[in-house]
Amino acid sequence: MQSSYCRALMLFTFLFAKGVYAQPPIFTSPSYSVQVQETTAKTVVGVAPSPRPPDGFLTVRCINRFNSSVGMTYTIGQISGFFPFVLNSTTGNFSVTQDLVYATQPRSYNFSVWCYDNLSPNLSSNASVTISVVEVDKYAPVFTPTYIFLTVDETTPVGTILASTRRDVGAFKVYNATDMDVGPQGVLYYILYYSD
């Protein structure tokens with residue numbers, strides 16, 4: 001009787017353990033998203049260089065829900081074209097392999113990552129990743145001309161446009177403002193400061 005009980009208990013333990021370890025690993029998040037600053041060139045006058053993001057700026061993690069000591073192997077899913085990142089297959093840490101240039105390279109990278117548990121047979125899981133590159137403000141706007149002198153008659157009607165960046169509004173003076181940055185950092189806003 002006791003022998004039958006022991007055999008049944010051993011069978012149950014074996015089946016339970018097999019069922020536990022047959023569960024695929026899971027990522028700690030179904031998706032990962034991070035923003036990184038572009039790497040600015042040291043040749044830009046007056047702008048401090050922006051170094052590459054540190055190793056591990058993004059870490060993906062996968063676990064076995066029933067045994068946290070089970071090791072994992074990480075890989076990147078299928079990608080095409082320029083891809084300046086590498087994934088550490090053991091730690092799940094991402095690193096940048098080359099400079100990130102907002103103006104000439106992709107501004108967002110969307111791909112999948114896979115993890116495989118180190119069991120036999122091994123099981124896998126996947127998650128989505130988005131890495132967005134943020135522009136650094138590298139250039140100050142430039143006015144042409146840099147100084148505007150206006151003479152206004154006292155009879156000038158209220159609402160008369162005195163100076164403008166547009167040539168089609170009939171302003172007395174036309175000037176130009178440019179910014180070599182692209183994207184949001186290149187958008188210009190105008191503010192009038194009054195001084196005696």
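Residue numbers start at 1 and run along the sequence shown. Only a predicted model underlies this, so the values are computations on that prediction, with no experimental measurement involved.
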**Student:** For residues 119-132, run the donor-acceptor check on the side chains, cut-off 3.5 Å, and write out each pair with its distance to 0.1 Å, sequence neighbours left out.
**Tutor:**
| unit_1 | atom_1 | unit_2 | atom_2 | d |
| --- | --- | --- | --- | --- |
| S125 | OG | P25 | O | 3.4 |
| T130 | OG1 | N110 | OD1 | 2.8 |

**Student:** Identify the two heavy atoms, one from R65 and one from P24, that lie closest to each other, and give their separation to 0.1 Å.
**Tutor:** NH2-O, 3.7 Å
**Student:** Test of understanding: clusters of I, L, V, M, F, W, Y form through side-chain heavy atoms closer than 4.5 Å, transitively. Do V133 and F111 belong to the same one?
**Tutor:** yes
**Student:** Looking at T59, I76, V86, V36, which one forms a side-chain contact (heavy atoms from CB on, under 4.5 Å) with F94?
**Tutor:** I76
**Student:** List the atom of C62, the atom of M72, and the distance in Å for their closest heavy-atom pair.
**Tutor:** O-CG, 3.5 Å
**Student:** Hey, what's the ring geometry for Y74 with F27, parallel, tilted or perpendicular (30° and 60° as the breaks)?
**Tutor:** tilted
**Student:** Give the intermediate values and the outcome of side-chain hydrogen bond (donor to acceptor under 3.5 Å, both in side chains) for residues N118 and T73.
**Tutor:** CA-CA 7 Å; N118 296 336; T73 300; 3.2 Å; yes
**Student:** Nearest heavy-atom pair of P84 and L100: which atoms, and what distance?
**Tutor:** CG-CD2, 3.5 Å
**Student:** Show the nearest heavy-atom pair for residues Y102 and R107, with the distance to one decimal.
**Tutor:** O-NE, 3.1 Å
**Student:** Identify the heavy atoms of Q98 and F82 that sit nearest to each other, and give their distance.
**Tutor:** OE1-CE1, 3.4 Å
**Student:** Rounded to the nearest 0.5 Å, how far apart are CD of Q105 and CD of E38?
**Tutor:** 9.0 Å
**Student:** Using side-chain contact (heavy atoms from CB on, under 4.5 Å), reason through V60 and W114 one step at a time and then give a plain yes or no.
**Tutor:** CA-CA 10 Å; V60 295; W114 289 81; over 6 Å; no
**Student:** Supply the atom-to-atom distance I26 CD1 to I63 CD1, rounded to the nearest 0.5 angstrom.
**Tutor:** 4.5 Å
**Student:** Could you label the plane-to-plane angle of the Y109 and F83 rings as parallel, tilted or perpendicular, counting under 30° as parallel and over 60° as perpendicular?
**Tutor:** perpendicular
